[in-house]
Structures are given as structure tokens and as C-alpha cells.
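Below is one structure, written out as C-alpha cells; the observations come after it.
So that the names make sense, note that chain A is the first sequence line, chain B the second, and so on, each numbered from 1.
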Amino acid sequence: MLDLRMIRQNPDKVREGLAKKGEAAPIDEVLALDEQRRSLLTEVEQLKAKRNEVSEEVARLKREKQDAQHLIEEMRVVSQRIKELDDRVREVETKLQDLLLRIPNLPHESVHVGTSEDDNLEIRRWEEPRQFAFEPKPHWDLGVDLDIIDFERAAKVTGARFYFLKGLGARLERALINFMLDLHITEHGYTEVFPPFIVNAASATGTGQLPKFAEDMFKLEGMDYYLVPTAEVPVTNLYQDEILNMEDLPIYHAAYSACFRSEAGSHGRDTRGLVRVHQFNKVELVKFVAPETSYDELEKLTGNAEEVLKRLGLPYRVVLMSTADLGFSQSKKYDLEVWMPSYARYVEISSCSNFEDFQARRANIRFRREKGARPEFVHTLNGSGIAVGRCLAALIENYQQEDGSVVIPEVLRPYMGGLDRIAPAKKL
RNA sequence: GGAAGGGUGCCAGAGCGGACGAAUGGAGCGGUCUUGAAAACCGUCGAGGGUUUGCGCCCUCCGUGGGUUCGAAUCCCACCCCUUCCGCCA
């Protein structure tokens with residue numbers, strides 16, 4: 001959520017920023033409602049002050065056994081008027097709030113203007129894609145041939161865009177999760193959190209999924225609960241409605257969670273394999289920091305995510321999103337894209353963003369610089385560190401051998417009982 | 001799911017229609033005393049909003065949302081959450 005005062009003071013700056021994102025936000029309407037709200041408040045608050053004053057007078061008269069009937073009559077009318085005005089204030093505030101919750105965040109000044117995903121900027125590249133001396137198989141064939149992924153039975157048991165991992169595939173998934181978490185908590189300074197996989201509407205509003213993107217989540221029947229689309233939601237909301245101490249910042253959390261996405265509107269895209277599914281695993285990194293440090297923290301966060309790919313030996317590139325590809329809540333975002341032989345291109349595997357105070361304002365997460373100082377909103381950041389399913393896909397594709405087996409990267413072997421290779425097994 | 005009890009400031013805890021934004025402890029902060037510290041004593045100590053150049057003034061907030069009343073932390077209704085017991089259960 002943008003700061004209403006800021007919109008009031010710099011409406012043009014806001015319009016301009018949103019235009020860069022290709023958004024035409026109802027700023028005029030916001031300003032009008034804000035004006036209305038303040039004028040109603042001035043009126044109703046004067047009446048309330050009057051009422052408080054007279055009520056005290058009534059109390060005094062009653063104590064002195066004097067008649068207060070005329071004052072009571074007079075206040076009956078005033079109270080009625082207050083009630084009417086309060087209703088109007090509420091009405092206006094609801095409208096205003098609803099508009100504000102649907103206005104996207106502004107891009108940071110370091111983000112270049114773009115109009116489509118073609119305008120995104122490659123920042124750096126790590127290692128070059130492997131040259132295969134044979135025709136590499138896509139992971140959906142490899143996984144099936146190795147009998148470590150089963151799409152068909154998942155379609156039977158659940159439906160399209162689900163999968164079973166089996167045998168060493170399941171173990172590899174688990175190994176990746178543990179490897180990533182261990183790296184972040186022991187070397188990058190994150191504190192592990194294991195969050196709920198279901199959140200309420202307030203939390204989903206806090207991080208920005210609601211109210212605009214309700215259809216992207218799975219909602220529980222008859223309840224105000226949603227399956228988490230990412231651990232970002234529960235973990236960012238850990239400190240909702242809290243005032244943190246300056247000395248507690250920065251806070252770094254790493255969290256594993258399953259992620260559930262309805263993938264509404266993506267019919268026909270990436271229909272095969274593990275790239276676009278309704279449920280996947282992810283290790284998420286979340287930071288709460290003082291505003292002046294958040295862009296440095298974004299660079300570090302991105303580096304932490306990159307380290308996962310480096311240690312796994314997976315070629316990748318870092319891409320800076322233009323204003324056109326920034327998400328609703330984001331001020332600046334880097335994507336990590338891993339080389340995917342089956343796509344013959346780089347595929348998004350992590351997204352690292354600074355939200356500045358946009359989420360903090362929605363979720364009411366503040367901090368105090370020192371005792372007695374006014375609370376300020378923190379800046380929140382998060383990034384995948386990294387998406388496990390896509391990582392497994394990239395891994396088996398990049399490490400496949402001509403004989404159909406897959407070599408396990410060195411760093412994962414301790415998590416795989418020392419195993420160095422997944423070989424084709426008898427299919428079940 | 002059933003029954004009972006409860007949600008008040010950073011924490012503990014009183015208040016149950018009128019001087020209550022809230023007693024009293026404790027913690028924290030500032031000070032006196034002390035070589036220093038402790039103790040003791042004094043003071044201070046919530047958030048949001050409106051208005052104002054500023055000092056300030058005003059409004060709101062006692063789980064949430066409604067209602068009754070001239071006036072609500074206090075009464076009524078609904079919902080949420082917590083605790084205990086029972087049932088069910090990994």
C-alpha cells in the first residue's frame with residue numbers, strides 16, 4: 001500500500017511511477033475521497049468534542065441532583081447526527097481503503113522503464129550452458145525413464161499439473177531442500193522458520209495477494225483460509241501488527257514450504273514437466289530491514305540465492321526486471337534464470353525483490369529506531385532460495401549422461417547417502 | 001464437535017454505566033543519592049487520526065464488528081482467539 005499522505009503531497013510523482021509500470025491508478029478518485037474523509041472528520045470530531053463536554057456537564061448536574069433533561073434532549077439530536085456522519089466516514093474510508101489496496105507499488109528509480117518482458121536486462125551470467133555430445137532428454141522423459149517422476153498416476157490421483165516423485169527422485173527433492181536450508185542458515189545468517197501452509201485473508205492482504213489476485217490462490221471451502229502460494233506470505237506476516245526494535249534488525253528468515261498455485265489463466269503454457277504445476281516445494285528467504293539498507297540487502301539476498309546454483313553447478317543468469325515486469329508489490333526485482341536444456345533457454349528459478357514499505361504498511365510491521373522514537377515501517381524483501389521443483393528438473397537435465405543416468409552434484413551426495421548417480425531402474 | 005472460564009497499556013493485574021486512556025505492581029527510560037553499582041526516593045513511560053508554521057488543541061482505540069444510552073472498558077448481540085475438561089485424532 002502506498003502512503004496516503006505521500007499520494008496527497010505528490011500525486012504527480014505517483015501517477016508517473018505507476019505509468020512506468022503500465023498502470024493507470026485512480027489517483028483522482030483517491031484524492032477526492034481523502035478530501036471528503038478529512039472534511040467529514042473535522043465536522044464529526046467537533047460534534048464529538050461537544051458531546052463529551054456536555055456529557056460531563058450532565059454527570060455533574062446529576063451528582064448535584066439537578067435537572068439535566070434539557071441537555072439530554074439536546075444531545076440526543078447531536079448523537080443522531082454523529083451516528084449519521086460516522087456512517088458516512090466509514091463508507092468513505094472503506095472505499096478509500098479498497099482503492100489503496102489495489103494500487104501497485106512504485107518502481108525504484110534504479111529500475112529502467114520497459115513495456116514488455118523483452119525489456120528485461122541481463123545483469124550477469126555464471127558459467128556457460130553445457131554442450132551435449134548427444135541429444136539431451138527433457139526432464140519429463142528422463143524422470144519417467146528413471147522412474148523417479150510419475151505424472152500419469154498423479155493425474156489419476158489428483159489431476160493435471162500434479163506429479164509424484166518416487167524413489168531417488170523423492171530423495172533428491174528432499175536432499176535439495178535440506179541442502180538449501182543448511183546453506184542459508186549456517187553460512188548466510190538466516191534463521192529457519194517452518195510456517196503454516198494455510199493463511200487467513202488478512203495475511204494474504206498483507207503481502208499483496210489479496211484483494212487483487214484471489215484467483216491465483218486455492219481458497220478453502222467455506223473458510224477465510226488460503227493455501228500459501230509461497231512461504232513469503234506466512235513468514236512476512238510473522239511480525240504483522242508488531243513494533244520491532246532497531247537492534248533486532250535486520251531479521252533474516254529462511255523457510256521451506258510447499259507452494260500451491262491455481263495457475264489460473266495459464267492453460268496451455270508449460271504443460272509438461274515440473275515447470276508449471278499446482279504444488280511445488282520452495283525454500284524462501286525473507287528479510288525485515290531498516291529502510292536505508294534495503295537496496296544493499298537486495299543485492300545480498302540475490303547473491304545468497306545465486307550461491308545455491310553455483311554450488312549445484314547449474315549455469316544461470318541474473319536478470320533485472322524492467323518496470324513492465326515488476327509485480328504488484330515490488331519496487332525492484334531480480335530473477336535468477338537457470339539453463340534448461342529441454343527449453344534451450346534460461347528459465348526462471350528464483351525471484352528476489354525489494355518491497356520497500358509496501359507490504360509493511362499493509363501488514364503493519366514497524367520498528368523503532370530508539371526508545372521513545374516514532375515507529376516507522378520496515379522494508380521487507382524476499383527471494384526464492386530457490387524453487388525446488390524447477391531446480392530438480394534443471395539438475396537432472398543438466399547432469400544427464402548419454403546412458404540415461406544422472407550424476408548427482410558433489411554437494412548433494414552427503415544428503416543422498418553418498419550416492420553419486422541415479423541410474424535407470426526397473427520400472428514399477 | 002460439546003462444556004466451562006477468559007481476552008484491558010511492554011508484562012502482570014484492578015475496574016463492570018458518569019472525574020477512566022484507564023488504579024496498583026513490575027520492567028524500561030531520565031534524575032537524586034553513591035567513588036561506582038545495588039537499594040531507596042522523585043519523575044517519565046501506548047498507538048492511530050484530524051487540525052496548526054510551531055507550542056498546542058481535538059477525536060478514536062480496553063479481542064473484532066454491530067447495538068442500547070445524553071454518556072460504554074463497564075449493559076446487549078454476533079463473530080474471532082486463548083485456557084481447562086470431555087469427545088475425536090496424526
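Using N1 to N3 plus N6-O4 or O6-N4 for Watson-Crick, or N1-O2 and O6-N3 for G-U wobble, each under 3.5 Å, B:rA12 pairs with B:rU24. Nucleotide B:rG5 forms a Watson-Crick or G-U wobble pair with B:rC82, both donor-acceptor distances falling under 3.5 Å. Pair assignment for B:rC61: B:rG46, on the basis of Watson-Crick or G-U wobble contacts that are both within less than 3.5 Å. For B:rC41, the paired base is B:rG31 (Watson-Crick or G-U wobble, both distances below 3.5 Å).
With hydrogens and angles ignored, a donor-acceptor pair under 3.5 angstrom links the side chain of A:Glu45 to the base of B:rG49. In terms of polar N and O atoms assigned as donor or acceptor, the side chain of A:Arg60 never comes within less than 3.5 Å of the base of B:rA19 in a complementary pairing.
A donor-acceptor pair shorter than 3.5 Å cannot be found between the side chains of A:His108 and A:Ser331.
Using a 4.5 Å heavy-atom cutoff, the side chains of A:Phe377 and A:Ile365 are not in contact. Here the side chains of A:Thr191 and A:Ile185 are not in contact, with every heavy-atom distance at 4.5 Å or above.
Distance noted for atom P between B:rC80 and B:rU64: 15 Å (whole Å). Spacing of C1' atoms, B:rU60 relative to B:rG25, comes out at 29 Å, to the nearest Å. Straight-line distance between the C1' atoms of B:rC45 and B:rG21: roughly 13 Å, to the nearest whole Å. B:rC77 and B:rU68: their P atoms are spaced 15 Å apart (whole Å). Using C1' as the reference atom, B:rU83 and B:rC57 are 44 Å apart when rounded to the nearest Å. Between B:rC29 and B:rA19, the distance separating the two C1' atoms is 29 Å to the nearest Å. Remark: the separation of the P atoms in B:rG13 and B:rU35 is 41 Å, to the nearest Å. Taking atom P on both B:rG63 and B:rA14, the two are 14 Å apart, rounded to the nearest angstrom.
Side chain of A:Lys20 to main chain of A:Ser322: no donor-acceptor pair is present (N/O by atom type, distance under 3.5 Å, no hydrogens or angles).
Nearest heavy-atom pair, A:Leu419 versus A:Ile408, reported as atom, atom and distance to 0.1 Å: O-CD1, 3.6 Å.
A distance of 6.0 Å or more separates the ring centres of A:Phe288 and A:His379. Less than 6.0 angstrom separates the ring centroid of A:Phe358 from the ring centroid of A:Phe328. For A:His253 and A:Tyr190, the distance between ring centers is not under 6.0 angstrom.
When rounded to the nearest whole Å, the span between CZ of A:Arg51 and C1' of B:rC58 equals 14 Å. Atom CG of A:Asp3 is separated from atom P of B:rG49 by 9 Å (rounded to the nearest Å). Atoms CD (A:Glu64) and C1' (B:rG18) sit 13 Å apart, rounded to a whole Å. Rounded to an integer number of Å, the gap from A:Gln240 CD to B:rC81 P is 14 Å. A straight line from CD of A:Glu43 to P of B:rC59 spans 16 Å, rounded to a whole angstrom. Taking atom CG of A:Asp86 as the reference point, atom P of B:rG49 lies 18 Å away to the nearest angstrom. When the P atom of B:rC61 is taken as reference, atom CZ of A:Arg90 falls 12 Å away, rounded to whole Å. One interatomic measurement links the two molecules: CG of A:Asp87 to P of B:rG66, which rounds to 9 Å at whole-angstrom precision.
Checking the phosphate oxygens (OP1, OP2) of B:rG50, a side-chain nitrogen or oxygen of A:Arg8 falls inside 4.0 Å. Regarding contacts with the backbone of B:rG71, every side-chain N or O of A:Arg63 stays at 4.0 angstrom or more from both OP1 and OP2. Taking 4.0 angstrom as the limit, A:Asn52 places none of its side-chain polar atoms (N or O) nearer than this to OP1 or OP2 of B:rC58. Between A:Lys83 and B:rU68 there is a side-chain N or O to OP1 or OP2 distance below 4.0 Å. Under 4.0 angstrom from either OP1 or OP2 of B:rG71 there lies no side-chain N or O belonging to A:Arg76. The shortest distance between the side-chain N/O atoms of A:Arg366 and the OP1/OP2 oxygens of B:rA47 is not below 4.0 Å. Remark: A:Ser79 is in phosphate contact with B:rG71, judged by side-chain N or O atoms under 4.0 Å from OP1 or OP2.
Counting only heavy atoms from C-beta on, A:Arg374 has its side chain closest to B:rG48 among B:rG48, B:rA47, B:rG50. For A:Arg368, taking side-chain heavy atoms from C-beta onward, the closest of the listed nucleotides B:rG49, B:rG71, B:rA47 is B:rA47. Taking every side-chain heavy atom of A:Ala49 into account, B:rC59 is the closest of B:rC70, B:rG50, B:rC59.
The nearest heavy atom of RNA chain B to A:Tyr225 and to A:Ile72 marks one nucleotide each, and the one closer to the 5' end goes with A:Ile72. Ranked by how close their nearest RNA chain B nucleotide is to the 5' end, A:Ala59 and A:Glu73 are led by A:Ala59.
Here A:Val58 lies in heavy-atom contact (under 4.0 Å) with a base. Across all strands, A:Leu41 comes closer than 4.0 Å only to sugar-phosphate atoms, never to a base (heavy-atom distances).
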